[in-house]
Structures are given as C-alpha cells and as structure tokens.
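All values below come from the heavy atoms of this structure, side chains included, with hydrogens, waters and symmetry mates left out. Along the sequence shown, residues are numbered consecutively beginning with 1.
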Amino acid sequence: QQVQQTFDALGAKYKAEDLLEIHEGYKGKGYAVSSEQELRTIVEVAQMSGIMCDPVYNGKALCGMLDLLKRTPEVFQGKRLLFVHTGGLYGFYDKEE
C-alpha cells in the first residue's frame, strides 16, 4: 500500500503488485536473534561481494531471497531482481565474530 501511494505521488504509472512480490516467513527466530545459517550466509556474502548486511533486517531478508532463489529458481528465470539494502549495520555490535 505504501509503495503504491509513493508511485501515485510521483505520478508513476505503475501498479505495485505488478512490480513487487513480498514473501513472508523469513523473519527467523525473532528480532535481532540470528541462526547460525543466517550469520554464515551474511559472512559468505560479505567475503564474496564486499556487501555487508546486518543480522537484524537485511541479513534475514538476504537469506530469504537466497533461499527462494535456491528452492524455486524457475520463478525468477528471466526476471530482474532488486535487493534493497536499507543499512542497519549497527546490528553487528553485539556479535562476537
């Protein structure tokens, strides 16, 4: 709803539901609680790309996107993907390694 309101305010002639697909179920164990797999994925992506994602929001979203790409690659075939990194690096402060 907010995305559509933004499109409308900008005069863009797009429908949000035609451009966005939201997948629920990737919030993990809870706010600021990361699984070992989430932390491993965040580290691997940072090592491979130099892009750091926090373990609170972006890291969980990244893990979810990578899981969907792995489990259902046909859904994404021929499509462009945009991952919006919203910052949040302060979530690293309480992680040991």
Side-chain angles (χ1 to χ4, degrees):
Q1 200 173 20
Q2 291 174 328
V3 173
Q4 189 59 55
Q5 289 171 350
T6 301
F7 285 164
D8 294 344
L10 293 172
K13 301 191 186 305
Y14 300 109
K15 290 201 176 277
E17 66 259 11
D18 294 339
L19 299 173
L20 299 173
E21 199 168 315
I22 297 174
H23 295 268
E24 299 287 339
Y26 287 100
K27 63 182 177 181
K29 295 178 176 185
Y31 178 79
V33 180
S34 302
S35 70
E36 287 298 318
Q37 179 58 44
E38 288 168 345
L39 294 174
R40 254 192 319 275
T41 300
I42 291 168
V43 169
E44 288 172 8
V45 168
Q47 289 172 335
M48 289 188 309
S49 68
I51 298 170
M52 295 180 64
C53 290
D54 73 284
V56 178
Y57 294 113
N58 284 309
K60 291 175 189 282
L62 177 68
C63 288
M65 183 184 74
L66 293 175
D67 181 61
L68 286 170
L69 286 167
K70 211 178 290 181
R71 288 190 306 108
T72 58
E74 67 281 355
V75 172
F76 301 96
Q77 189 98 19
K79 294 184 179 177
R80 293 180 182 187
L81 300 179
L82 172 66
F83 181 81
V84 179
H85 189 304
T86 58
L89 296 178
Y90 296 114
F92 282 120
Y93 285 141
D94 69 339
K95 304 302 177 207
E96 289 181 29
E97 295 179 38

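For Asp54 against Val56, the heavy-atom pair with the smallest separation is OD2-N, 2.8 Å. The minimum heavy-atom distance between Cys53 and Phe83, with the atom names listed, is SG-CE2, 4.3 Å.
Here Lys27 contributes atom NZ and Lys60 contributes atom NZ; the two are 10.0 Å apart, rounded to the nearest 0.5 Å.
A search for side-chain contact (heavy atoms from CB on, under 4.5 Å) contacts involving Lys29 returns Val33, Ser35, not counting sequence neighbours. Annotation: side-chain contact (heavy atoms from CB on, under 4.5 Å) contacts of Lys15 (sequence neighbours excluded): Gln4, Glu17, Asp18. Residues forming a ring-ring contact (aromatic ring centres under 6.0 Å, His included) with Tyr14 (at least two apart in sequence, or on another chain): Phe7. Among residues two or more places apart in sequence or in another chain, the side-chain contact (heavy atoms from CB on, under 4.5 Å) test is passed with Leu69 by Met65, Leu66, Phe76, Leu81. Scored by the side-chain contact (heavy atoms from CB on, under 4.5 Å) test, Arg71 finds Tyr26, Asp67, Leu68 as partners (sequence neighbours excluded).
Between Gln5 and Val3 the shortest side-chain heavy-atom distance does not fall below 4.5 Å.
Residue Ile22 qualifies as open at atom CD1: its count of foreign heavy atoms under 6.0 Å is 12 or below. More than 12 non-hydrogen atoms from other residues, nucleotides or ligands lie less than 6.0 angstrom from CD of Glu74.
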Acceptor/donor pairs from residues 39-50 side chains to any protein atom, 3.5 angstrom cut, sequence neighbours excluded:
from: Arg40; atom 1: NH2; to: Gln37; atom 2: OE1; distance (Å): 3.0
from: Thr41; atom 1: OG1; to: Gln37; atom 2: O; distance (Å): 3.0
from: Thr41; atom 1: OG1; to: Gln37; atom 2: NE2; distance (Å): 2.9
from: Ser49; atom 1: OG; to: Val45; atom 2: O; distance (Å): 2.6
from: Ser49; atom 1: OG; to: Ile51; atom 2: N; distance (Å): 3.1

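Listed by first then second residue, pairs satisfying ring-ring contact (aromatic ring centres under 6.0 Å, His included) with a partner in residues 42-71 read Tyr31-Tyr57, not counting sequence neighbours.
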